[in-house]
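Input: a single structure, listed below in structure tokens.
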Amino acid sequence: MKLAERVNRVSPSLTLAIDAKAKAMKAEGLDICSFSAGEPDFDTPAHIVHAAKAALDQGKTRYGPAAGEPKLRSAIAQKLQRDNQLCYSPENILVTNGGKQSLFNLMMAMIEPGDEVLIPAPYWVSYPEMVKLAGGTPIIIPTTVDARFKVTPEQLREAVTPQTRMLIFNSPSNPTGMVYTPDEVRAIAEVVVEQNIWVVADEIYEKILYDGAQHLSIGAVGPEIFERTVVSSGFAKTYAMTGWRVGFLAGPVPVIKAATRLQSHSTSNVCTFAQYGAIAAYESSQDCVAEMRSAFAERRAFMLEQFNQMKGLTCPSPEGAFYMFPSIAEVGMASMEFCDTLLETYNVAAVPGIAFGADSCIRLSYATDMTTIQEGLNRLATLLKDLAS
Ligand SMILES: *Cc1c(COP(=O)(O)O)cnc(C)c1O
């Protein structure tokens with residue numbers, strides 16, 4: 001069958017392959033400990049659910065403006081001013097079907113054949129694929145465990161060519177959990193301005209921070225960088241709203257208008273009553289966020305302590321998100337083979353680092369209960385012992 005060439009340009013998801021295998025094993029009745037979740041294991045807080053139910057009762061069931069409900073655009077602009085010191089008004093905001101669609105719309109609006117997009121690795125799986133779908137060329141910049149998986153200003157400078165259009169900057173990071181310090185963010189911003197490129201700040205994990213880590217929005221560094229920044233974020237990770245599909249893009253009006261025009265011909269507005277849940281998320285108490293964060297913090301501490309006792313793993317302590325990204329370099333196995341063995345013989349599901357452009361690492365999500373974490377780590381320790389003997 002003849003399919004469009006663009007389909008061949010994108011790779012099938014490696015993460016889904018492991019996930020599908022783990023689910024099939026579970027369905028066969030095997031006791032699988034899964035660390036593969038990319039979403040919070042909590043239910044959406046009740047007040048957010050109530051707000052969406054109330055919106056349904058009030059008949060918020062029709063088409064709305066493609067760019068989003070005015071009330072939500074305004075709540076997002078206020079949040080960005082209040083929490084991030086980013087001076088946006090509602091016209092700078094596009095409400096999207098999640099952070100994923102906001103990035104997709106942005107790539108479609110800004111990238112064309114010949115454009116290069118800088119992507120530090122390890123990266124979120126969809127970044128390079130979205131760039132390719134838009135016809136651009138992803139330029140992967142590898143980082144090391146020793147550098148805590150952070151790209152340096154020198155590396156960025158070296159990677160820039162006359163074709164470079166933008167940098168994708170994700171802090172806190174999925175998959176590594178690393179958070180750039182305010183000073184590091186300022187140094188990256190300096191290169192972006194000096195090289196006259198754009199930066200897309202994926203800040204979807206900004207509220208999930210540990211050990212006093214601070215999040216600085218790169219666009220808040222100064223007026224010059226602000227003009228070259230587009231923020232992509234959403235409600236999924238902070239408020240356990242992954243299935244709701246609400247996110248946003250914030251940036252200069254011409255960029256937002258272009259992305260809105262594309263969205264108006266693809267998905268139109270985001271589910272109207274879901275947007276009312278999102279309004280409640282921003283306009284109500286943030287205690288629910290603190291509660292989820294403290295549950296994550298407890299699991300993270302436990303995992304770090306266990307990792308320190310395991311031989312063969314090196315894991316810089318993550319300061320954000322809900323992932324650990326240990327290096328398995330000492331074991332001397334590729335990440336896919338390691339994760340296959342871990343799943344097939346020890347019944348533990350983890351995501352091979354190769355999916356994120358880092359074949360010597362694996363990703364373990366702690367968005368799962370303590371019992372699973374304890375049992376899963378015991379089994380991981382057994383695999384490492386078996387491999388060493
Ligand atoms: C989960 C995630 C997103 C987008 O999530 P949505 O569910 O589409 O809002 C974007 N970037 C990163 C790094 C993520 O982990």
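Along the sequence shown, residues are numbered consecutively beginning with 1. We count ligands from 1, going down the list as the structure has it; atoms in each ligand are counted the same way. Nothing here was measured: the structure is a model prediction, and the numbers come from that model.
- The single protein non-hydrogen atom nearest to atom 9 (O) of ligand 1 is Gly99 N, 2.7 Å, given as residue, atom name and distance.
- Looking only at protein heavy atoms, the nearest one to atom 7 (O) of ligand 1 is Arg245 NH1, 2.7 Å.
- With a 4.0 Å heavy-atom cut-off, ligand 1 is reached by no atom of Glu39.
- Salt bridge annotation for Asp31-Lys26: absent, with no cationic side-chain nitrogen under 4.0 angstrom from a carboxylate oxygen.
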For this session: Give the C-alpha distance, both sets of side-chain angles, the deciding distance and a yes or no for side-chain hydrogen bond (donor to acceptor under 3.5 Å, both in side chains) between Asn170 and Glu203.
Result: CA-CA 6 Å; Asn170 174 218; Glu203 307 195 335; over 6 Å; no

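- Contact atoms of ligand 1 toward Lys100: 4 (C), 6 (P), 8 (O) (distance under 4.0 Å to a heavy atom of the residue).
- Annotation for Tyr180 and Ser171: closest pair N-OG, 2.9 Å, computed over non-hydrogen atoms.
- The shortest contact between atom 14 (C) of ligand 1 and any protein heavy atom is with Lys237 NZ, 3.1 Å.
- The shortest N/O to N/O separation between Tyr323 and ligand 1 does not fall below 3.5 Å.
- With contacts defined as side-chain heavy-atom distances shorter than 4.5 Å, the pair Thr372/Ser34 does not qualify.
- Distances below 4.0 Å separate heavy atoms of Ala236 from the following atoms of ligand 1: 7 (O), 9 (O).
- For Asp202, a nitrogen or oxygen atom sits less than 3.5 Å from a nitrogen or oxygen atom of ligand 1, counting backbone and side chain alike.
- Of the heavy atoms in Tyr205, only side-chain atoms (C-beta onward) come closer than 4.0 Å to ligand 1.
- Looking only at side-chain heavy atoms (C-beta outward), Leu364 and Phe307 come within less than 4.5 Å of each other.
- Residue Val246 does not touch ligand 1, judged by heavy-atom distances below 4.0 Å.
- Residues Phe338 and Pro352 fail the side-chain proximity criterion, which asks for heavy atoms closer than 4.5 Å.
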Exercise. Are Arg300 and Asp211 close enough, and set up right, to give a salt bridge (charged side-chain N to carboxylate O under 4.0 Å, His left out), and what steps lead you there?
Worked result: CA-CA 11 Å; Arg300 168 187 170 274; Asp211 287 354; 3.0 Å; yes

